[in-house]
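A quick write-up on the structure given underneath.
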Amino acid sequence: MSELATQEVSAGGVAPRGDYARVSAAIHYISDNWRAQPPLDDIAAHVGLSPFHFQRLFKRWAGISPKEFLQALTLDHAREMLKGSANLLDTALELGMSGPARLHDLFVDHEAMTPGDYKRRGAGLQMTYGFHSSPFGSALVMITRHGVAGLAFADSEDDRPGVLADMTARWPCAVYEHDPARTAPCAARIFDSRRWKPEDPLKLVLIGTDFEVRVWEALLKLPFGHAATYSDIAAHVCTPKAARAVGSAVGRNPISFVVPCHRVLRKDGGLGGYHWGVTRKQAIIGWEAGRV
DNA sequence: ATTTGGTGTTGTG
DNA sequence: CACAACACCAAAT
């Protein structure tokens, strides 16, 4: 009803030419920087507008919001990751079955807990944990003396307690000790790709049910920069019908990022979900795209 | 575009 | 033992 009024206000700056330049600059900026998933504030600042103005201007010209545009670019790239991976996955998985059970870009050596250990709900386990800054927000790292057992993400200081609770609930009988000094080197290494060395693999401990561990092991074989669908994974560990079961298992992946659950996408081309927020999944995909 | 009916695994009562 | 919940999927509206 007040459309006329708003039109008049924006007509104050009689320069659609300038508007076009700004939108165009924004599109280029987003296309160049989508890997870093820049927040609205950054993009707005780059074209010299307040976030509020910019968001409205962009939507008027492009038909979609800056955020939607960013998501579309990410999705495009995710689908590219999927392209050649169909056969690649089969061979990687088959080969990895008989050969050494390890290895992707972040060289990893893992051992799974026995089902018996799993049933004890972590009893007898000593977990040392700490929060550390990462490219994807504050990262909670949990280690046992056998290796890394947990990696989770928090958006802010405020949801750290919730994230910690989420993780400790998975092994309720374990003993937890807060000691960031001990987990810091581990965190530093995980997020610095220059420190990924085959001769000194990162040790992981996979604590889960038999089925879950099989799924997570499959994820470890997905090559950097490639992706698979939930049903691809299902076909390998069980039957293609089990895509949904795989989804749940992937969702319970306790060592996110290291076990690359962000490389699993929906068959219909969608991104699928992410336990720590789809935005984070996008960010990690972008981070990888920047290092192929 | 949305809805529906089909899936396997897991946690709960 | 049954049942509901789930980071899914394909086919039918």
Side-chain angles (χ1 to χ4, degrees), chain A residues 37 63-65 67-68 71-72 74-79 81-83 85-86 89-90 93 104 112-123 125 136-137 139-140 149-155 159 162-163 165-174 206-222 226-288:
Chain A
Q37 299 287 119
I64 58 175
S65 70
K67 183 172 195 127
E68 287 169 323
Q71 286 170 342
T74 312
L75 200 52
D76 258 17
H77 188 270
R79 282 194 272 255
M81 294 172 67
L82 214 42
K83 258 201 72 185
S85 298
L89 176 71
D90 287 346
L93 291 180
H104 66 313
M113 306 232 66
T114 70
D117 285 335
Y118 173 74
K119 281 207 204 59
R120 298 168 64 206
R121 316 195 72 194
L125 277 182
F136 318 112
L140 168 61
L151 178 39
F153 292 104
D155 287 324
D159 52 70
V163 168
D166 180 317
M167 292 304 282
T168 55
R170 299 166 189 234
W171 314 292
C173 302
L206 265 28
I207 311 172
T209 67
D210 189 57
F211 179 77
E212 287 168 342
V213 170
R214 288 214 311 278
V215 170
W216 302 337
E217 284 173 337
L219 299 192
L220 282 172
K221 305 199 179 94
L222 295 178
H226 294 262
T229 68
Y230 290 94
S231 64
D232 286 341
I233 305 288
H236 184 262
V237 304
C238 188
T239 142
K241 305 286 195 179
R244 190 158 185 174
V246 165
S248 318
V250 173
R252 279 179 230 116
N253 167 27
I255 321 181
S256 72
F257 181 77
V258 176
V259 175
C261 54
H262 53 276
R263 296 190 196 136
V264 196
L265 311 173
R266 292 182 56 116
K267 196 162 204 171
D268 60 29
L271 268 194
Y274 198 73
H275 189 79
W276 309 111
V278 190
T279 313
R280 186 124 33 209
K281 190 173 191 172
Q282 292 170 174
I284 298 177
I285 289 173
W287 184 87
E288 285 201 3

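Predicted model only: the values in this text are computed from it and were never measured. First the proteins, then the strands, lettered A, B, ... as listed; each starts at 1.
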Rounded to the Å, how far apart are [X] [atom1] and [N] [atom2]?
{"X": "A:H236", "N": "B:dG8", "atom1": "NE2", "atom2": "P", "value": "18 Å"}
{"X": "A:D268", "N": "B:dT3", "atom1": "CG", "atom2": "P", "value": "16 Å"}
{"X": "A:K119", "N": "B:dG11", "atom1": "NZ", "atom2": "P", "value": "11 Å"}
{"X": "A:I255", "N": "C:dA7", "atom1": "CD1", "atom2": "C1'", "value": "18 Å"}
{"X": "A:R244", "N": "B:dG5", "atom1": "CZ", "atom2": "P", "value": "14 Å"}
{"X": "A:F211", "N": "C:dA7", "atom1": "CZ", "atom2": "C1'", "value": "13 Å"}
{"X": "A:F153", "N": "C:dA7", "atom1": "CZ", "atom2": "P", "value": "18 Å"}
{"X": "A:N253", "N": "C:dC6", "atom1": "CG", "atom2": "P", "value": "18 Å"}

Can you find a pair of side-chain heavy atoms, one from A:T209 and one from A:R252, that are under 4.5 Å apart?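 Heavy-atom side-chain distance check fails, nothing below 4.5 Å.
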Any sub-3.5 Å donor-acceptor pair from [X]'s side-chain atoms to [Y]'s backbone N or O?
{"X": "A:W216", "Y": "A:I207", "answer": "no"}
{"X": "A:K281", "Y": "A:L271", "answer": "yes"}
{"X": "A:R280", "Y": "A:Y274", "answer": "no"}
{"X": "A:R121", "Y": "A:C173", "answer": "no"}

Looking at the side chain of [X], which of [options] is the nearest nucleotide?
{"X": "A:Y230", "options": "C:dA7, B:dT9, C:dA10", "answer": "C:dA7"}
{"X": "A:C261", "options": "C:dA7, B:dT9, C:dC9", "answer": "C:dA7"}
{"X": "A:A243", "options": "B:dG8, C:dA10, C:dC8", "answer": "C:dC8"}

Pull out every residue in residues 270-283 of chain A that has a heavy atom closer than 4.0 Å to any atom of DNA chain B, ordered by number, or say none.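 Residues of residues 270-283 of chain A that come under 4.0 Å of DNA chain B do not exist, since none gets that close.
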5'-most contact on DNA chain C (nearest-nucleotide basis), A:S248 vs A:L265, goes to A:S248
NE2-CE distance between A:H262 and A:M81, expressed to the nearest 0.5 angstrom: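 So the gap between those two atoms works out to 6.5 Å.
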Closest approach of [X] to [Y] (non-hydrogen atoms, all atoms of both residues):
{"X": "A:S256", "Y": "A:C261", "answer": "CB-SG, 4.2 Å"}
{"X": "A:V163", "Y": "A:A152", "answer": "CG1-CB, 3.7 Å"}
{"X": "A:W276", "Y": "A:L151", "answer": "NE1-O, 4.4 Å"}

Under the 3.5 Å Watson-Crick or G-U criterion, the dot-bracket string of DNA chain C, with | for inter-strand pairs: ||||||.||||||
Please confirm whether the shortest side-chain N or O distance from A:K241 to OP1 or OP2 of C:dC9 is below 4.0 Å. no
